[in-house]
Number of protein chains: 2
Amino acid sequence: MPRRGPMGPPWWHHWLRNCGCRITAPREIILDILSRSPGHFSADEIFFMVRQMYPQIGLATVYRTLELLSNMGLVHKLDFGEGKARYELAQGPETKGHHHHLICIRCHKVIDYEEISEKEKELLKEVEENLEKKYGFKITDHMFNFYGICKECQEKGDEVK
Amino acid sequence: MPRRGPMGPPWWHHWLRNCGCRITAPREIILDILSRSPGHFSADEIFFMVRQMYPQIGLATVYRTLELLSNMGLVHKLDFGEGKARYELAQGPETKGHHHHLICIRCHKVIDYEEISEKEKELLKEVEENLEKKYGFKITDHMFNFYGICKECQEKGDEVK
DNA sequence: CTGCGTGCAAACATTTTGCACGATG
DNA sequence: CATCGTGCAAAATGTTTGCACGCAG
């Protein structure tokens, strides 16, 4: 069921092979679902989505696959302070390639924003290059979070109890 | 034991009062410790540090206090993918006010970096103002993470197993 | 045919919660 | 002196692991 181009294997096959990993149904289905679903999903949300196409899957496999993909840099493991991780595709043909969030520290609402100016893009590239040089890192991705209090929570006042 | 200025109460008293919270020994000690310890600490690391000054403290109180401080925006709850949260002071007289991390997706090593150019500072301020206007958020903090593969892990090759 | 990957269930770790007592303002 | 906050222990939750079977390469 993975969506493919006019023909040939899905784009992620070379990622898996390059890492010495086998191509299996659970991996294909998880990647397929992530690649066509924008947003951040918890492991059990992914579990339920995958189960609809592949009912015999186990939750442990979902966790193992997500960790694998995360170690490959294909998937981004996120934490918004809810006590469980969330995941999103980090790399892919249709990925915009940046993950910028506005997170409310009271209600944990998350807003994705996409706006990014040319100036920012340039500066970002510069910063990444400096970091790579200085620390010997091979940077594959980034995530910018802004924390604050959302409109609704501001209206509730400053009491924190 | 909290370190105070020449006289008068520690700087965080007004934060607590402003939120309608009482000033108690556990809260004072946790804030005191965080404010003089740079770095990111897990709940139980903080628990052990606090216990040395205040042995009767319970781990639950540490969690409750950290959540409180996090909701106030005084403390930053971080997740580097280790399966437990880490905390650091977000606001305070000596806080540099930015939390920028370089995170290895293989070994989860975290490098804090402090370098930030004037150009970046300006742009950041601009971006924050735009976001506040556009989404009605009151931004209190931010965190920038760059993900990649550290020098050591690069040497181990691409196999991810 | 040789491992690697999977499903299941049990184990683990961290974090949260209920309750009765004690401290704060 | 009325609550709010705390300590303890138990519970809940999310995530990891051990093992035997099955499939990819």
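Every chain is numbered from 1, with letters handed out A, B, ... down the list of sequences.
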Is there a side-chain polar atom (N or O) of B:Thr24 under 4.0 Å from OP1 or OP2 of D:dG5? no
Closest approach to the side chain of B:Ala60, judged atom by atom: which nucleotide of C:dC8, D:dA9, D:dG5 is it? D:dA9
Roughly how many Å is it from CZ in A:Arg22 to P in C:dT2, rounded to a whole number? 13 Å
A:Arg17 CZ to C:dC4 P, in whole Å, measures 17 Å
Between atom CZ in A:Phe80 and atom C1' in C:dT15, what is the gap in whole Å? 20 Å
Round to a whole Å and report the spacing from CD of A:Glu82 to C1' of C:dT14. 16 Å
Counting the atoms with a prime plus P, OP1 and OP2 as sugar-phosphate, which does A:Phe47 contact under 4.0 Å by heavy atoms, base, sugar-phosphate, or nothing? nothing
Protein-nucleotide distance (A:Glu67, atom CD; D:dT17, atom P), rounded to Å: 8 Å
If the test is side chain to side chain contact (heavy atoms under 4.5 Å, CB included), which one of B:Thr61, B:Val62, B:Val50, B:Leu31 qualifies with B:Pro26? B:Thr61
Quick one: do the A:Asn71 and A:Glu67 side chains pair a donor with an acceptor below 3.5 Å? yes
Write down the distance between CD1 (A:Ile57) and P (D:dG22), rounded to a whole number of angstrom. 18 Å
Assert: residue with more 5' nearest nucleotide on DNA chain C, out of B:Ala43 and B:Ile23, is B:Ala43
Round to a whole Å and report the spacing from CZ of B:Arg64 to P of D:dA9. 14 Å
Map B:Ala85 and B:Cys21 onto DNA chain C by nearest heavy atom, then report which one ends up closer to the 5' terminus. B:Ala85
Position toward the 5' end of DNA chain D (nearest nucleotide), B:Tyr54 or A:Lys84: B:Tyr54
Mind checking A:Ala25 for me? I need base, sugar-phosphate or nothing, with any heavy atom below 4.0 Å counting as a touch. nothing
Whether B:Tyr63 contacts C:dT15 is assessed here as follows: a side-chain N or O lying under 4.0 Å from the phosphate OP1 or OP2. Is that the case? yes
Check for me whether the distance between the ring centres of B:Phe144 and A:Phe144 falls short of 6.0 Å. yes
If you round to the nearest 0.5 Å, how far is OG of A:Ser35 from CH2 of A:Trp12? 4.5 Å
Less than 6.0 Å separating the ring centroids of A:His108 and A:Phe80? no
Protein-nucleotide distance (A:Glu28, atom CD; C:dG5, atom P), rounded to Å: 14 Å
